[in-house]
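In what follows, a structure is listed as structure tokens, so that the remarks can point back to it.
Computed from heavy atoms alone, side chains included, the values below leave out hydrogens, waters and symmetry copies.
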Amino acid sequence: MISSFYLFLALGAACGGFVNGLAGFGTAIFALGFWLHIMPPMQAVAITLAVSITTGAQGVWVVRKAIRANPRRLLWFLLPGICGVPIGVASLSYLDASILKLVIGMISIVYGLFFLAQRSLPRVTRSMPAADALIGFISGIFGGAASLSGALMMMWNAVRDWQKAEIRAVLQPFNFVVLSCGTAMMAMNGAYDIQTLSYLALAIPVALLSAQAGIALFRRMQSDAFRRLLIVMMLISGCVLVIRNIV
């Protein structure tokens, strides 16, 4: 029984870390499926947040040059996103997070199926800072309410006329900052007790190593292939969200 517990813990860390290293998001989608089987939801979410930001730090480092090349682009998303986080957290008192996840999951499925059916992906070529700010703000609310800060961000960025490093230079640090805020709030509520920290002692090293494998694959991908990967990831994550909230 103990061995199966740690096997599920390690598998969740490996899957979540690899996906985060490859796409810059997705730890929660792919790790929670394992961890919710072996621990209470609050503890599973606390571990997921901590693993997300530790693996995300590696991804931020990978695209640091792209971030420095155009920091204003990131800030158009990030500053409104930070403002949205406390609104999302406050909404938990009257908003059912499971319904929100179900809605986002269904939108992600429609989005993924629609764009995968296209021979060529649409490209938004002009600068749209107002739209970027709105997407960032709503994503911050989603992050605070349901730990899904990357969903809307990725839908929008996947159709931008950006290179893969430019897409990730927005998506990865945005998720890192928003999820760090969520982790800090969980910590202040006492979520990280001795038992949870002991689980993290195993999960974090496994996730970091797996993230390196994902980063290595990311570096070999062409920009168009990476954009299609993001759309496939949206379809998969949407299916996982819907199934998890229905079953």
Side-chain angles (χ1 to χ4, degrees), residues 1-63 85 89 97-98 101 142-151 154 168 171-219 229 233 236-237 239-241 243-245 247:
M1 190 72 176
I2 293 177
S3 61
S4 63
F5 177 93
Y6 286 105
L7 176 62
F8 271 81
L9 181 63
L11 284 173
C15 291
F18 177 78
V19 169
N20 193 293
L22 175 61
F25 86 111
T27 302
I29 298 295
F30 291 91
L32 274 175
F34 291 95
W35 294 340
L36 287 172
H37 284 293
I38 58 174
M39 62 186 72
M42 187 64 70
Q43 188 176 50
V45 171
I47 292 176
T48 300
L49 286 171
V51 169
S52 295
I53 63 172
T54 51
T55 54
Q58 291 186 120
V60 171
W61 178 257
V62 168
V63 292
V85 173
V89 173
S98 62
K101 291 180 180 180
F142 285 174
S147 299
L148 292 174
S149 56
M154 211 190 49
R168 190 157 181 162
L171 182 63
Q172 188 100 56
F174 181 89
N175 281 334
F176 178 80
V177 172
V178 170
L179 294 178
S180 294
C181 293
T183 304
M185 292 177 183
M186 293 281 288
M188 288 188 290
N189 289 331
Y192 294 97
D193 55 19
I194 296 298
Q195 184 184 60
T196 302
L197 292 175
S198 68
Y199 296 158
L200 282 172
L202 170 64
I204 286 177
V206 172
L208 290 174
L209 289 173
S210 299
Q212 284 299 315
I215 288 170
L217 183 56
F218 163 77
R219 285 173 166 157
L229 169 70
M233 291 283 295
I236 295 173
S237 62
C239 291
V240 172
L241 283 172
I243 292 170
R244 187 180 293 159
N245 283 277
V247 175

So how far is it from [X] [atom1] to [Y] [atom2], rounded to the nearest 0.5 Å?
| X | Y | atom1 | atom2 | value |
| --- | --- | --- | --- | --- |
| Cys181 | Ile53 | SG | CD1 | 10.0 Å |
| Arg168 | Leu22 | CZ | CG | 7.5 Å |
| Ser210 | Ile215 | OG | CD1 | 11.0 Å |
| Leu200 | Thr48 | CG | OG1 | 9.5 Å |
| Ser52 | Ile47 | OG | CD1 | 11.5 Å |

Does some side-chain heavy atom of [Y] sit less than 4.5 Å from a side-chain heavy atom of [X]?
| X | Y | result |
| --- | --- | --- |
| Val62 | Gln172 | no |
| Trp35 | Val51 | yes |
| Phe18 | Leu217 | yes |

Is a side-chain donor or acceptor of [X] paired with a backbone partner of [Y] at a separation under 3.5 angstrom?
| X | Y | result |
| --- | --- | --- |
| Tyr192 | Ala46 | yes |
| Ser198 | Gln195 | yes |
| Asn20 | Thr27 | no |

Looking at every heavy atom in both [X] and [Y], which two are closest together, and how far apart are they?
| X | Y | result |
| --- | --- | --- |
| Met233 | Ala23 | CE-CB, 4.1 Å |
| Phe30 | Cys15 | O-CB, 4.1 Å |
| Ala211 | Gln58 | CB-NE2, 3.3 Å |
| Phe174 | Ser149 | CE2-O, 3.8 Å |
| Leu171 | Gly24 | CG-O, 4.4 Å |
| Thr54 | Leu208 | O-CD2, 3.6 Å |

Q | Parallel, tilted or perpendicular: rings of Phe5 and Tyr199 (30°, 60°) | A |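 Answer is tilted, since the angle falls between 30° and 60°.
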
**Q.** Test side-chain contact (heavy atoms from CB on, under 4.5 Å) applied to Met39 and Leu9, step by step
**A.** CA-CA 10 Å; Met39 62 186 72; Leu9 181 63; 4.0 Å; yes

